[in-house]
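FYI, side chains are in, hydrogens and waters are out, and symmetry mates aren't considered; it's all heavy atoms of this structure. Note that the structure is a prediction, hence the values are computed from the model and not measured.
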Amino acid sequence: MIRDGTGQEDPAALASLVREDRADEARARIAAARARGEDTPALRLVALLLGAAVPQDEAWTPEALAPLLRTPFPAEPTGRLAGALDRMAEAPGAEFPRIEAACLLLQAEEPHWAEQAMLPLWPEAGTGPLFARVLSGIWAVLGRQRQAVEAAEAAVRLDPRAEEYLIHLAGLRLQQGAPGAALLAAGRAIGLAPEHAVAWRMASAAHLALGQVEEAIAASRRAAALSSDQVGFAEEVLVSSGAEALNREHAPPPAQIERPGRETPAWARLPASLPPPPRIALGPLLRTRARIVDALMLREARTQFTHSRLGYAWSLFEPITHVFILFVAIGIMGGGRAPIGDSLPVFYMTGVLPYLFFCHVTERGMHMARDSRVLLSVPVVTLGDIAAARLLLRAATDVLVFLVTLTAFMAMGFAQLPHDPLSLVAAYVVLFLLASGIALANMVLSELSELPERVWTVSLRGLYFVSGIFYHPNMMPAGIREWVLWNPLIHALEWVRQAYYPLYVSPYLDTGYLLRWALASLLLGGLLVAAFHRRLRGAT
């Protein structure tokens with residue numbers, strides 16, 4: 001028997017027994033301690049929570065609660081918990097003090113103690129539906145699904161017109177793997193409260209589990225229309241439905257097998273040959289994948305931007321800040337003449353914006369698989385879909401930033417329209433291919449170790465100074481310039497500037513070299529993803 005330094009029963013040790021689901025052993029040790037005459041506030045509090053009778057004039061204090069709680073509990077809830085325990089001692093058969101105490105113990109991350117506070121009144125004929133609902137929630141937290149469902153059904157029987165109890169029961173039934181019963185409970189909740197968004201969400205999840213995709217989509221859209229909080233769930237249902245549609249569209253038809261003769265049982269006869277599976281048509285396959293990527297992009301946009309009020313505003317503010325800091329800093333040092341054209345801010349803009357485009361796309365690969373564990377649980381949603389959605393959204397955002405920045409500079413009289421827009425688009429496409437291949441490699445390497453992320457962050461800072469952002473290669477010594485031109489990013493920036501300025505033809509641009517880098521990075525990223533595909537999906 002574990003006791004404290006005075007030889008008395010240790011309340012903290014009893015609390016550990018309760019957390020290990022050994023409450024009966026804790027009760028026996030309390031009975032033995034009280035028979036020995038031990039009587040401390042903490043010991044009496046343990047006895048109260050375990051259902052033993054205690055003096056009704058006991059006043060519980062936060063100090064008496066401390067040995068029972070694993071983590072410090074804020075003072076104000078602790079005082080409320082002490083008051084609820086006082087009322088439990090005064091009226092052991094009253095359910096509301098026990099409900100209040102149990103909820104506060106749950107708030108203190110002590111579900112085992114919350115369960116013990118409720119059990120002395122369960123089951124009793126006089127217990128109300130709220131008592132059953134709270135106890136069901138406690139059992140759900142503890143992972144006791146069967147007991148949680150029984151208590152939830154008792155709450156529904158006691159108050160069949162409370163939609164919240166039905167929604168809670170539907171959620172438990174879904175966790176239990178009984179979508180039919182969950183749909184029945186959710187349908188009853190919708191009948192009672194047609195405008196309850198969570199009830200429609202539960203119905204959608206049940207439909208999806210039953211394979212009823214169209215009904216699931218309709219219910220999820222209804223939930224999203226009733227509450228903006230359910231929009232993300234509706235998008236996830238759309239992704240799942242796209243995967244299901246892909247399975248249905250391209251599943252091979254059942255093989256036509258001749259019926260065997262009567263002398264051989266059907267289960268023992270194998271067909272002589274099976275027809276080859278039909279070829280998957282490219283058009284429907286691409287349309288289905290496009291729907292999945294579109295839904296993923298919508299979800300990613302909400303996740304990336306709508307949770308912050310700055311959102312796109314910061315995406316616009318960042319490049320303009322870079323340009324004007326360079327303009328002011330180099331102007332102070334006396335380098336106020338533009339190497340190309342007659343506007344120094346425009347020269348910086350044509351360097352900063354492609355560089356930031358490259359940085360943002362490559363950085364999106366870090367932890368991409370790890371952050372997509374929910375989406376990868378849908379079998380047909382692939383890492384390629386997730387990568388395409390994230391990288392395309394990031395690229396589209398930076399292209400929009402380029403257009404807005406260019407429009408702002410034109411309004412201020414600094415800039416004009418690009419001389420060769422098609423060549424500018426081609427430069428950005430090749431730069432996107434280069435950055436995407438590196439992003440795929442980053443996705444794999446960041447799953448293997450934390451070191452690649454740190455190395456790439458430092459490398460991007462170094463590239464800022466060797467990519468011709470705020471200077472021209474002509475301004476460099478010939479020996480250094482030969483080394484710098486091995487950097488493919490400087491060729492991308494030269495391509496952008498050649499497409500923008502009407503009279504500029506770069507003597508250093510090698511589009512073939514840049515394109516070879518882009519294809520090599522895509523090949524390397526694809527090979528790494530293929531080699532570690534199982535680990536990437538399993539790690540998430």
Side-chain angles (χ1 to χ4, degrees), residues 11-12 14-15 18-19 21 23 26-27 30 40-144 147-159 161-169 171-172:
L14 297 173
V18 172
R19 296 189 194 103
D21 289 328
R27 291 187 183 92
I30 287 174
T40 64
L43 193 62
R44 290 195 295 272
L45 179 55
V46 175
L48 172 66
L49 288 172
L50 291 177
V54 296
Q56 295 187 4
D57 58 351
E58 183 69 57
W60 311 108
T61 63
E63 290 74 20
L65 286 168
L68 276 68
L69 305 180
R70 282 178 290 192
T71 57
F73 202 33
E76 191 272 334
T78 302
R80 290 168 54 198
L81 177 56
L85 294 172
D86 286 340
R87 290 186 286 276
M88 279 179 57
E90 292 171 1
E95 61 182 77
F96 286 104
R98 293 184 180 274
I99 291 174
E100 182 184 8
C103 291
L104 290 168
L105 286 166
L106 275 179
Q107 185 178 344
E109 300 180 0
E110 293 287 355
H112 291 89
W113 279 121
E115 176 190 29
Q116 295 302 321
M118 302 284 283
L119 283 179
L121 296 188
W122 181 264
E124 286 193 5
T127 303
L130 180 60
F131 191 92
R133 167 64 181 87
V134 172
L135 186 55
S136 173
I138 294 170
W139 276 331
V141 170
L142 290 171
R144 297 168 185 163
Q147 294 170 287
V149 169
E150 290 176 357
E153 290 177 338
V156 170
R157 283 196 304 270
L158 292 167
D159 189 357
R161 300 196 60 80
E163 68 274 8
E164 196 278 331
Y165 299 161
L166 287 164
I167 293 170
H168 172 68
L169 177 59
L172 291 175

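- One distance of note links CG of Leu142 with CD of Glu115; it measures 5.5 Å at 0.5 Å rounding.
- Using a 4.5 Å cut-off on side-chain heavy atoms (C-beta onward), Leu105 and Pro111 make no contact.
- Nearest heavy atoms, Trp139 versus Leu119: CZ2-CD2, 3.9 Å.
- Of all the heavy atoms in Arg133 and Ala155, the pair that sits closest is N-CB, 3.9 Å.
- Two residues are said to be in side-chain contact when any heavy atoms from C-beta on lie closer than 4.5 Å; Arg98 and Pro120 meet this criterion.
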### Message
The test is side-chain contact (heavy atoms from CB on, under 4.5 Å); show your working for Glu164 and Ile167 and say whether it passes.
### Response
CA-CA 5 Å; Glu164 196 278 331; Ile167 293 170; 5.6 Å; no

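- The two atoms that bring His168 and Ser136 nearest to each other are NE2-OG, 2.7 Å, heavy atoms only.
- In terms of heavy atoms, Leu166 sits closest to Val156 at CD2-CG1, 3.7 Å.
- In plain terms, the two heavy atoms of Ala148 and Leu172 that are nearest each other are O-CD1, 3.6 Å.
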### Query
Could you go step by step and tell me if Arg144 and Ile138 meet the side-chain contact (heavy atoms from CB on, under 4.5 Å) rule?
CA-CA 9 Å; Arg144 297 168 185 163; Ile138 294 170; over 6 Å; no

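- In this structure, the separation between CG on Leu135 and CD on Glu150 is 10.5 Å, given to the nearest 0.5 Å.
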